[in-house]
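Step one of this worksheet: look at the structure below.
Values below: every heavy atom of this structure, side chains too, minus hydrogens, waters and symmetry copies.
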Amino acid sequence: MSKSTISTLELFAMFPDQEAARVYLEKRLWPEGPKCPVCGLGDRITARKDGYYRCNQCKEDFTVRTNTIFERSHVPLHKWIYAMYLLVTARKGISSMQLAKEIGITQKSAWFVLGRLREACGDDLGALRGIIEIDETFIGGKEKNKAVSKRVKGGTPKVIVMGMRERGEGGRVKAEVIERVDAASLHSEIHRSIEPVSTLHTDEWKGYKGLPPIYKHETVSHKDGEYVRAGVTTNSIESVWAVMKRGLHGVYHHASEKHLHRYVDEFTFRLNEGDVKRHTLDRLDSFINKTSGKRLTYKALIQ
């Protein structure tokens, strides 16, 4: 077995019950001891029973679940940890039906758990730098394969996702759902996500033309059968689309436009934090660090 991997049996031995999971989460989220999620102080805290704490400053009771994706969830914490383990180690994701079977909850609850986990995956990585490959893809089914009542007349129902990936080992990936592929939309995302003086590699799409000279812009012409030229290519970001589409089609089968941005966050998180060279627990720790301040209610998820 790889030294960077732990099996499910080893994970179960580490977190056999909710109490073990609670202690682990408290150490990760409160490395300096319990801290009140309301006033932010940690020097006037009294421990109570069953993982509850009282803040003597603001008189609030709280647990490690408060103000996290776990808040007001009846799913035990050790099942949450196992769900995170499955999501971070499954290259193409895990369906709510499969997760329900794995951790012994209903499919509806598993769908909600996955929605919250994806909410935690979304985060700002900071500006990309160096050589950045940029491309966009379209997610959605073909009109001719849909029921007549669901077809969009005179247009495309597909959702556009724009992606950017740093060149080199460990290169970070950013991906966002965007409304259009015109110059204004593409340039705006580039300015927001990439440091000046970086080198951009794109295809020949006209929306990338006219970028300011703060970037060095090089292109390959796919329409002419050109995919690599003297190190200029978009193959790396296109490989992201390959993995994402296999997961969306093969595991999830369908992702609505409303929720697609969370699925995109899931796949990019796994690419950024899920390097198999990193120990499984390190990847799990990266996930847990993102759970704080990411409350998502069921009402907000289905609205």
Side-chain angles (χ1 to χ4, degrees), residues 6 8 10-89 94 96 99-124 262 265-266 269 273 279-303:
I6 62 172
T8 54
E10 290 173 308
L11 189 78
F12 291 152
M14 293 174 63
F15 310 111
D17 52 34
Q18 173 150 278
E19 181 62 17
R22 179 184 67 81
V23 172
Y24 170 66
L25 290 173
E26 287 184 359
K27 288 181 179 179
R28 288 303 311 169
L29 297 177
W30 299 331
E32 298 177 356
K35 184 171 290 188
C36 176
V38 178
C39 66
L41 299 179
D43 54 349
R44 299 184 60 189
I45 305 296
T46 300
R48 307 184 75 180
K49 293 178 61 177
D50 301 323
Y52 279 86
Y53 296 86
R54 163 63 65 90
C55 176
N56 296 308
Q57 174 69 30
C58 61
K59 309 302 181 184
E60 291 288 338
D61 292 334
F62 63 94
T63 72
V64 73
R65 291 177 182 259
T66 306
N67 196 34
T68 70
I69 62 170
F70 316 117
E71 186 167 0
R72 294 186 179 276
S73 168
H74 297 292
V75 176
L77 289 174
H78 61 299
K79 293 189 176 185
W80 273 101
I81 289 178
Y82 185 39
M84 285 187 277
Y85 167 87
L86 292 172
L87 200 68
V88 81
T89 56
I94 181 169
S96 60
L99 180 62
K101 295 175 182 177
E102 293 281 354
I103 65 176
I105 60 178
T106 66
Q107 185 273 332
K108 182 179 179 181
S109 294
W111 180 82
F112 188 23
V113 165
L114 287 171
R116 289 192 179 193
L117 292 179
R118 294 186 189 108
E119 183 74 9
C121 291
D123 205 358
D124 187 1
R262 292 192 179 93
D265 287 342
E266 174 197 332
F269 170 81
E273 304 289 350
H279 195 281
T280 305
L281 288 180
D282 291 336
R283 288 182 272 162
L284 192 59
D285 286 346
S286 295
F287 207 149
I288 290 169
N289 291 342
K290 290 177 173 290
T291 62
S292 183
K294 299 286 184 67
R295 176 82 193 281
L296 179 65
T297 65
Y298 187 76
K299 182 178 180 180
L301 192 61
I302 65 173
Q303 280 181 344

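Screening Lys290, Arg116, Arg118 for a salt bridge (charged side-chain N to carboxylate O under 4.0 Å, His left out) with Glu266, the sole residue that qualifies is Arg118.
In this structure the side chain of Thr297 never reaches within 4.5 angstrom of the side chain of Arg72, judged on heavy atoms. At least one side-chain heavy atom of Phe62 sits under 4.5 Å from a side-chain heavy atom of Ile45. The side-chain heavy atoms of Trp80 and Ile69, taken from C-beta on, include a pair separated by under 4.5 Å. No side-chain heavy atom of Ile81 sits under 4.5 Å from any side-chain heavy atom of Met14.
The line from CD1 of Ile94 to CD1 of Ile103 is 8.5 Å long, rounded to the nearest 0.5 Å. Remark: Arg48 CZ to Asp61 CG distance equals 4.5 Å, nearest 0.5 Å. Here the straight-line distance linking atom CZ of Arg295 with atom OG of Ser73 works out to 10.0 Å at 0.5 Å rounding. Rounded to the nearest 0.5 angstrom, Arg28 CZ and Asp285 CG are separated by 3.5 Å. Note: Leu114 CG to Leu99 CG = 5.0 Å, rounded to the nearest 0.5 Å. The structure places OG1 of Thr280 at 9.0 Å from CG of Leu11, a figure rounded to the nearest 0.5 Å.
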Check against side chain to side chain contact (heavy atoms under 4.5 Å, CB included), Tyr82 and Thr8: CA-CA 8 Å; Tyr82 185 39; Thr8 54; 3.7 Å; yes
So Val64 and Tyr53, side chain to side chain contact (heavy atoms under 4.5 Å, CB included) or not? Walk me through it. CA-CA 9 Å; Val64 73; Tyr53 296 86; over 6 Å; no
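Side-chain N or O atoms of Tyr85 include one that pairs as donor or acceptor with a backbone N or O of Ile6 at under 3.5 Å. A distance-only check finds no donor-acceptor pair linking the side chain of Glu273 to the backbone of Arg283 [under 3.5 Å]. Put simply, the side chain of Thr291 never gets that close to the backbone of Phe287: no donor and acceptor are under 3.5 Å apart. Side chain of Arg44 to main chain of Gln57: no donor-acceptor pair is present (N/O by atom type, distance under 3.5 Å, no hydrogens or angles). For the pair Glu71 (side chain) and Asn67 (backbone), a donor-acceptor distance under 3.5 Å is present.
Contact record, Thr66 with Pro37: CG2-CG, 3.5 Å, taken as the closest heavy-atom pair. In terms of heavy-atom proximity, Ala110 sits nearest to Ser96 at CB-O, 3.3 Å. Across all their heavy atoms, Val75 and Gln18 have their closest contact at O-OE1, 4.4 Å. When every heavy atom of Glu119 is checked against every heavy atom of Arg262, the shortest pair comes out as OE1-NE, 2.8 Å. Taking every heavy atom of both residues into account, Gly115 and Leu296 meet most closely at O-CD2, 3.7 Å.
No more than 12 heavy atoms of other residues, nucleotides or ligands sit less than 6.0 Å from atom OH of Tyr52.
Partners of Tyr298 under the ring-ring contact (aromatic ring centres under 6.0 Å, His included) rule, at least two apart in sequence or in another chain, are Phe112. Here Tyr24 pairs with Phe15 under the ring-ring contact (aromatic ring centres under 6.0 Å, His included) rule; sequence neighbours left out. Residues that satisfy the salt bridge (Lys or Arg N to Asp or Glu O under 4.0 Å) test with Glu26, not counting sequence neighbours, are Arg22.
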